[in-house]
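Below: the structure, in structure tokens.
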Amino acid sequence: MNNKTKMLIIIGFWLFLALFAVIQNEKIFFAGDEILLKVQPVDPRDFLRGQYVQLKYDIGTIPVKKSEHFAHKETIYVTLKKEGKFYSAKKISKNAPKILGAEEKYIKGRIDFILYSSRYGKDYNDIRIVYGIENFFTKESEAKAIEKSLAAGGIAKIKLDKKGRAKIIGVEQ
């Protein structure tokens with residue numbers, strides 16, 4: 001085997017890996033289940049990253065009993081239950097749920113921080129969770145309009161795959 005053949009094999013291997021990674025990431029858009037979540041806008045733009053709307057989800061802060069031990073940066077799974085046309089948080093766990101009800105799905109997240117008090121009383125902590133769908137990038141001309149339309153709250157259309165990974169596909173009032 002000459003050097004040219006070896007180089008072509010190496011380049012082909014790396015191209016295959018890159019393509020595989022892109023397909024794994026993008027297949028959520030094609031094969032995922034669509035759900036609706038309630039959102040509030042937080043911040044419309046970042047001068048370094050461009051125009052986007054930062055979203056705060058109702059499922060982003062979840063109360064948990066203090067007896068349940070969760071750690072900062074820990075990967076968690078939130079079971080979502082359909083209530084009307086929206087999904088809301090039902091349960092949080094350290095492992096992906098094996099059995100779900102007919103109107104349930106789950107989403108994978110990471111604990112951003114733990115607030116050691118809660119609006120639910122002294123036996124609870126509030127856990128802030130990030131899901132990777134908190135930033136919705138948009139055209140510069142649309143960012144202000146989206147921010148205004150979501151001022152009183154809105155809807156995020158999300159795609160979920162079978163492993164709980166999520167992608168945001170759109171926002172609306």
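Sequence positions, counted from 1, serve as the residue numbers for this chain.
Residues I59 and Y131 meet the side-chain proximity criterion, which asks for heavy atoms closer than 4.5 Å. Side-chain contact between N135 and Q54 is present, with heavy atoms from C-beta onward closer than 4.5 Å. Annotation: side chain of L36 is in contact with side chain of K157 (closest heavy-atom distance under 4.5 Å). Counting heavy atoms from C-beta on, the side chains of I158 and Y57 come closer than 4.5 Å. Here the side chains of V78 and I129 are in contact, with some heavy-atom distance below 4.5 Å. Side-chain contact between I155 and K38 is absent, with no heavy atoms from C-beta onward closer than 4.5 Å. Between E34 and I169 there is a side-chain heavy-atom pair separated by less than 4.5 Å. Taking the side chain as every heavy atom from C-beta outward, I107 and L160 approach each other to under 4.5 Å.
Of all heavy-atom pairs between P97 and T79, the closest is CG-OG1, 3.7 Å. Across Y77 and K108, no two heavy atoms sit closer than the pair CE2-CG, 3.8 Å. Between I133 and I168 the shortest heavy-atom distance is CG2-N, 3.8 Å. In plain terms, the two heavy atoms of I62 and A89 that are nearest each other are CD1-CB, 3.7 Å. Taking each heavy atom of D161 and K163 in turn, the nearest pair found is OD1-N, 2.9 Å.
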Can you check side-chain contact (heavy atoms from CB on, under 4.5 Å) on R128 and L115, steps first, answer last? CA-CA 8 Å; R128 173 78 175 121; L115 181 62; over 6 Å; no

Decide side-chain contact (heavy atoms from CB on, under 4.5 Å) for R110 and E74; before the verdict, give the C-alpha distance in whole Å, the side-chain angles of both, and the deciding distance to 0.1 Å. CA-CA 6 Å; R110 182 181 44 80; E74 182 174 16; over 6 Å; no

Take K66 and Y124, measure what side-chain contact (heavy atoms from CB on, under 4.5 Å) needs, and give me the verdict at the end. CA-CA 5 Å; K66 288 185 178 181; Y124 290 86; 5.7 Å; no

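Here the rule is side chain to side chain contact (heavy atoms under 4.5 Å, CB included) with V64, and of I127, I76, D126 only I127 fits it.
The cationic atom of K94 (NZ for Lys, CZ for Arg) lies less than 6.0 Å from the six-membered ring centre of F70 and within 45° of the ring axis.
Linking ILVMFWY residues whenever their side-chain heavy atoms come closer than 4.5 Å, directly or via other members, leaves L15 and L8 in distinct clusters. Residues I11 and W14 do not share a hydrophobic cluster, clusters being chains of Ile/Leu/Val/Met/Phe/Trp/Tyr side chains in contact below 4.5 Å.
A distance of 10.0 Å separates NE2 in H69 from CG in N125, rounded to the nearest 0.5 Å. Atom CG in L19 sits 7.5 Å away from atom CZ in F16 (nearest 0.5 Å).
Residue pairs meeting the salt bridge (charged side-chain N to carboxylate O under 4.0 Å, His left out) criterion with at least one partner in residues 75-92, sequence neighbours excluded, are K90-E104.
A salt bridge links D33 with K162: at least one charged nitrogen is closer than 4.0 Å to a carboxylate oxygen.
At distances below 3.5 Å, not a single donor-acceptor pair connects side-chain atoms of H72 with backbone N or O atoms of I111. Between the side chain of Y106 and the main chain of L100, no donor-acceptor pair closer than 3.5 Å is present.
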